[in-house]
Amino acid sequence: MQDKTKVGFLISALSGPALAWATPLVTGNGSSLSNYSAFIAAFKQMFECPGLEFSAEEALCGIQQGSQDVLQYITRCRQLTAETSWVERTLLTLFRRGLRDEIKDELVHSARVENLKGLMDLTLAIEYRLNERRMEKKKSRIPSHSVTSRAIFHRSEETRSEPKGPTDEEPMQIDMARGPLSTSERENRRRKGLCLYCGASGHLLRTCPICPAKPLGNASSRPL
């Protein structure tokens, strides 16, 4: 592609003040229209901030990953390095220094990378593995909790389904000498842990040694 064609393509993409600057070059058939390098140099001289490189260098000296993920950190570093003329060795050192400690800790287990792109690719892979491991740990705790919950529920269901023998609520709460117990006496014996049949301690109604056995096959009969 000829220089004049490349310059014409660039001008067609301009707008605002940049287009206003380039229009006289087109109408006046300026010499820079046929020289791509000269056009770029003139454009930069007009619009490039003179302190841009210095600002980028200052930002790179103190750049830190902080709470950003690695991809965001890499993007910011690339934006700044594009505005500087520093050698790659310096850029690599600054990039490595600004990484979070957890990434640096993993880098010591990898072979040393001596180019910036390779180091950026490696840190992306490390972050992916760390995130993957966090998810594994999170998932490993869920089945354990679920199994425990199911086991507790299963035991609870078994307890509820077990056949129940005579309880203290059955109408066998009869004192041997005085007949059926009053409500107050029944509650008194319960508080003291006494048998509701004979009034003795050390056992309950269902295990009372002198309480007549419940007749088999006749659920409605009760000993008097």
Side-chain angles (χ1 to χ4, degrees), residues 62-77 95-111 113 119-224:
I63 194 167
Q64 295 289 322
Q65 181 183 353
S67 60
Q68 303 174 96
D69 60 36
V70 171
L71 182 58
Q72 291 173 321
Y73 179 60
I74 288 175
T75 301
R76 178 59 179 156
C77 284
F95 176 81
R96 182 188 290 116
R97 188 176 66 183
L99 289 166
R100 282 203 305 266
D101 285 343
E102 63 173 357
I103 304 295
K104 292 179 182 177
D105 291 342
E106 294 299 320
L107 282 174
V108 301
H109 303 298
S110 304
V113 180
L119 181 59
M120 288 178 172
D121 291 343
L122 178 58
T123 55
L124 280 171
I126 288 174
E127 183 181 59
Y128 176 81
R129 292 199 301 268
L130 289 174
N131 290 336
E132 190 175 43
R133 181 57 183 148
R134 290 190 192 100
M135 291 299 297
E136 288 177 354
K137 289 181 178 179
K138 184 177 179 180
K139 290 179 180 179
S140 67
R141 291 193 292 267
I142 296 175
S144 175
H145 175 72
S146 300
V147 170
T148 302
S149 299
R150 288 197 298 269
I152 293 174
F153 176 78
H154 182 64
R155 288 197 298 270
S156 177
E157 287 295 311
E158 288 181 343
T159 302
R160 287 198 295 269
S161 63
E162 286 179 356
K164 298 181 179 179
T167 67
D168 291 348
E169 296 298 329
E170 291 186 344
M172 295 170 60
Q173 301 158 1
I174 303 172
D175 186 273
M176 292 184 297
R178 295 178 296 171
L181 298 176
S182 65
T183 301
S184 60
E185 178 59 20
R186 184 167 60 250
E187 293 302 321
N188 180 55
R189 291 190 182 186
R190 281 178 174 160
R191 284 196 301 270
K192 295 180 179 180
L194 303 177
C195 176
L196 293 177
Y197 185 82
C198 68
S201 62
H203 63 271
L204 299 177
L205 172 62
R206 59 175 171 268
T207 57
C208 181
I210 63 174
C211 179
K214 181 179 177 181
L216 297 175
N218 185 1
S220 62
S221 62
R222 295 289 185 271
L224 299 177

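Below, all heavy atoms of this structure are taken into account, side chains as well, without hydrogens, waters or symmetry copies.
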Review point. Going through the checks in order, is the salt bridge (charged side-chain N to carboxylate O under 4.0 Å, His left out) test met by Arg129 and Glu132?
Key: CA-CA 5 Å; Arg129 292 199 301 268; Glu132 190 175 43; over 6 Å; no
Study note, to complete from the structure: Hits for side chain to side chain contact (heavy atoms under 4.5 Å, CB included) against Gln64, two or more places apart or cross-chain, chain-then-number order -> none
Exercise for review: Please identify each residue that fulfils side chain to side chain contact (heavy atoms under 4.5 Å, CB included) with Leu119, with sequence neighbours left out.
Suggested key: Leu92, Phe95, Arg96, Leu107, Val113, Thr123
Spatial distance of atom [atom1] ([X]) from atom [atom2] ([Y]) [nearest 0.5 Å]:
{"X": "Cys195", "Y": "Arg190", "atom1": "SG", "atom2": "CZ", "value": "12.0 Å"}
{"X": "Ile63", "Y": "Gln68", "atom1": "CD1", "atom2": "CD", "value": "7.0 Å"}
{"X": "Leu130", "Y": "Ile126", "atom1": "CG", "atom2": "CD1", "value": "7.5 Å"}

Review point. Is there a side-chain contact between Pro209 and His203 (heavy atoms, below 4.5 Å)?
Key: yes
Check your understanding: Does the side chain of Tyr128 come within less than 4.5 Å of Val70's, by heavy atoms?
Key -> no
Exercise for review: Report the C-alpha distance between Glu102 and Arg134 in whole Å, list the side-chain angles of each, state the deciding distance to 0.1 Å, and finish with yes or no for salt bridge (charged side-chain N to carboxylate O under 4.0 Å, His left out).
Suggested key: CA-CA 13 Å; Glu102 63 173 357; Arg134 290 190 192 100; 2.7 Å; yes
Check your understanding: Hey, is the main chain of Asp69 close enough, under 3.5 Å, to the side chain of Gln72 for a donor-acceptor pair?
Key -> yes
Point to revise | Intermediate values then yes/no, side chain to side chain contact (heavy atoms under 4.5 Å, CB included), Gln65 and Lys104 | key: CA-CA 11 Å; Gln65 181 183 353; Lys104 292 179 182 177; over 6 Å; no
Check your understanding: So, are Glu185 and Arg189 salt-bridged, with charged N and O less than 4.0 Å apart?
Key -> yes
Check your understanding: For the residue pair Leu122 and Ala111, what are the closest heavy atoms and their distance?
Key -> CD2-O, 4.5 Å
